Amino acid sequence: MKILVTGGLGFIGSHTVVELQNAGYEVVIIDDLSNASESVLDGIEAITSTRPVFEKLDLRDRNAVSAFFKKHADVEGVIHFAASKAVGESVHKPLLYYENNLSSLVYLLQELTAKPEASFIFSSSCTVYGQADELPITENAPVKPAESPYGNTKQIGEEIIRDTAHKFEDFKAIALRYFNPIGAHQSTEIGELPLGVPQNLVPFITQTAAGLREELSVFGNDYPTRDGTCVRDYIHVVDLAKAHVMALTRLIEGKNKSNYEVFNLGTGTGSTVLEVIETFEKVSGVKLPYKIVDRREGDVVAAYADTEKANNELGWKSELSLADALDSAWKWEKKVRGI
Ligand code: WQD
């Protein structure tokens, strides 16, 4: 069965392509290479011995999207990662985010709803919850007004898919709300390749440990948490990738309870920034230079998942630990830097 993975050369996308191939799916990748390199195909092939078909394509080009689906008429499912995803950048370039993240989604859905039956997996984010009132966070937690245009594109994207599923009964969709994806494939053939200065914690940590950055800035230690730093649910990217395959298979096998479902994907455990640093130092043996600075605007104090629905209905549970993820991230960083 042929599956389209948009953004399939990206961090989570490439790891999901590997797990799709491991599960026997035929994969075709669309990527515009704005935030990924074609060489990622080599890494995927090194792991699975199967090089996915790749088509460089900008999903904002309606005609190109239509031509793709004519050429690949046998695509039966789509896992949609392709989007701009930098919270800070989205504040400075809101219209780029609304155009890129939403028009591409609409064009994909227009093609899929023209098929007799299609399965669609949407890359969403726990950012839709904002600062949840209750922890751990369940899928019933209210969606809060977005703190950034990026987060708003995830909220609006979910609403577009919900309304599409309501109209087109044969169309089936699942939105996966990720918590904080980190780590890399144990082969060190693929991993996270942030362009420029990393915005996220773990790539900044590994680049600091590799000597690319002078020191890590910890954005605030005066939060109401056990050590004053923010709490997040850090999930290994390989566990996350496997959840995508399980969600897609759920739809293909008709095990979904409705034609639009939502699942939180996290470990269910929260870790503070200082705990991440401490764990990294233990697994890497590297003393990490860091300083406490002011809070970062838009950060929530704490977010970690209630995993009951994903465990019981999706049949998925994270298996890898924070230490596993940080160890894999460090091994990947050393490989990329030739250390
Ligand atoms: C984690 C914690 C920071 C960097 C965002 C998006 C989310 C998803 C993942 C795309 C926070 C602290 C960070 C640093 C720090 N993105 N930190 N120093 O903000 O939880 O989530 O990225 O899908 O949608 O919202 O992740 O890694 O940026 O921050 O102290 O240099 O680390 O304050 O507490 P975040 P993050």
Side-chain angles (χ1 to χ4, degrees), residues 7 10-13 15-16 35 80-91 97 100-101 122-132 137 143-144 146-155 157-158 175-183 192 194-209 212-237 240 244 264-267 270-280 288-305 322 325-326 329:
F11 174 39
I12 305 168
H15 287 82
T16 301
N35 193 24
H80 182 42
F81 293 103
S84 302
K85 62 153 202 160
V87 173
E89 182 189 49
S90 76
V91 174
Y97 273 67
N100 189 39
N101 293 5
F122 179 64
S123 168
S124 190
S125 168
C126 66
T127 202
V128 303
Y129 298 116
Q131 178 55 70
I137 303 172
V143 169
K144 294 271 185 80
E147 307 249 346
S148 69
Y150 159 75
N152 206 22
T153 65
K154 290 302 180 185
Q155 291 182 13
E158 288 191 4
L176 298 175
R177 292 172 178 169
Y178 314 155
F179 281 69
N180 287 62
I182 63 169
E192 191 169 9
L195 296 180
V197 179
Q199 299 304 303
N200 296 133
L201 178 66
V202 171
F204 204 106
I205 286 177
T206 56
Q207 287 193 14
T208 301
L212 276 75
R213 309 289 165 198
E214 194 175 322
E215 63 180 353
L216 170 74
S217 296
V218 174
F219 297 139
N221 70 343
D222 56 352
Y223 287 98
T225 64
R226 49 186 175 267
D227 63 19
T229 61
C230 295
V231 174
R232 294 290 185 275
D233 185 335
Y234 296 94
I235 175 172
H236 197 299
V237 65
L240 190 63
H244 285 74
N264 285 347
L265 296 181
T267 67
S271 301
T272 70
V273 175
L274 293 180
E275 288 165 350
V276 173
I277 293 170
E278 183 186 354
T279 306
F280 178 79
L288 194 85
Y290 69 88
K291 63 183 176 184
I292 306 293
V293 299
D294 292 339
R295 295 180 173 190
R296 179 174 68 177
E297 192 182 344
D299 274 340
V300 298
V301 179
Y304 52 94
L322 176 66
L326 292 169

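When a ligand or atom number is given, it counts from 1 through the structure's own listing order. None of these values were measured; they are calculated from a predicted model. All values below were derived from every heavy atom in this structure, side-chain atoms included, with hydrogens, water molecules and symmetry-related copies excluded.
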- Query: Does some non-hydrogen atom of Y234 fall short of 4.0 Å from ligand 1?
  - Reply: yes

- Note on the structure: Atoms of ligand 1 under 4.0 Å from any heavy atom of V273, numbered from 1 in the order shown, are 12 (C), 32 (O), 34 (O)

- Item | Side-chain donor/acceptor of S124 to backbone N/O of R177, under 3.5 Å | no

- Ligand-side contact atoms (ligand 1) for residue partner C230, heavy atom cut-off under 4.0 Å: 34 (O)

- Query: For atom 36 (P) of ligand 1, what's the nearest protein heavy atom and its distance?
  - Reply: N200 ND2, 3.5 Å

- Message: Is there a polar contact, in the sense of an N or O pair closer than 3.5 Å, between F219 and ligand 1?
- Response: yes

- Working for side chain to side chain contact (heavy atoms under 4.5 Å, CB included), residues F219 and R295: CA-CA 4 Å; F219 297 139; R295 295 180 173 190; 5.6 Å; no

- Query: So between L216, L201, D299, whose heavy atom ends up nearest atom 31 (O) of ligand 1?
  - Reply: L216

- Backbone N or O of A86 within a donor-acceptor pair of the Y97 side chain at under 3.5 Å? yes

- Item | Check: E89 side chain, V87 main-chain N or O, donor-acceptor pair, under 3.5 Å | no

- Query: If only atom types and distance count, is the side chain of K291 paired as donor or acceptor with the main-chain N or O of L216 below 3.5 Å?
  - Reply: no

- Query: Is it the side chain, the backbone, both or neither of K154 that has a heavy atom closer than 4.0 Å to ligand 1?
  - Reply: neither

- Using a strict 4.0 Å cut-off to heavy atoms of V218, name the atoms of ligand 1 that fall inside it. 30 (O)

- For N180, the atoms of ligand 1 under 4.0 Å from one of its heavy atoms are 20 (O), 21 (O), 26 (O), 35 (P)

- Task: Please indicate whether any nitrogen or oxygen in S125 is less than 3.5 Å from any nitrogen or oxygen in ligand 1.
- Result: yes

- Message: Suppose I only count heavy atoms of Q199 and a 4.0 Å limit; which atoms of ligand 1 are within that range?
- Response: 4 (C), 28 (O)

- Task: Would you check, one step at a time, whether the test side chain to side chain contact (heavy atoms under 4.5 Å, CB included) holds for Y178 with H244?
- Result: CA-CA 11 Å; Y178 314 155; H244 285 74; 2.6 Å; yes

- Message: Looking only at protein heavy atoms, which one is nearest to atom 20 (O) of ligand 1, and what is the separation?
- Response: R232 NE, 2.6 Å

- Task: Could you give me the CA-CA distance, side-chain angles and deciding distance for F81 and H15, then say whether ring pair (Phe, Tyr, Trp, His ring centres under 6.0 Å) is met?
- Result: CA-CA 11 Å; F81 293 103; H15 287 82; over 10 Å; no

- Message: Return the closest protein heavy atom for atom 19 (O) of ligand 1 as residue, atom name and distance.
- Response: R296 NH2, 2.9 Å

- Item | Protein contact of atom 18 (N) of ligand 1 - nearest heavy atom, named by residue and atom, plus distance | S217 O, 2.8 Å

- Item | More than 12 heavy atoms of other groups within 6.0 Å of D294 CG | no

- Option set F11, F81, Y178, Y150, criterion heavy-atom distance to atom 10 (C) of ligand 1, minimum: Y150

- Under 4.0 angstrom from atom 6 (C) of ligand 1, is there any protein heavy atom? yes

- Query: Of the backbone atoms (N, CA, C, O) and the side-chain heavy atoms from C-beta on, which set of P181 has a member under 4.0 Å from an atom of ligand 1: side chain, backbone, both, or neither?
  - Reply: neither

- Query: What are the atoms of ligand 1, with element, lying closer than 4.0 Å to any heavy atom of V87?
  - Reply: 6 (C), 25 (O)

- Task: Check step by step if side chain to side chain contact (heavy atoms under 4.5 Å, CB included) holds for I182 and I235.
- Result: CA-CA 6 Å; I182 63 169; I235 175 172; over 6 Å; no

- Are N221 and D227 close enough, and set up right, to give a side chain to side chain contact (heavy atoms under 4.5 Å, CB included), and what steps lead you there? CA-CA 7 Å; N221 70 343; D227 63 19; over 6 Å; no

- N264 versus Y129: any side-chain heavy-atom pair under 4.5 Å? yes

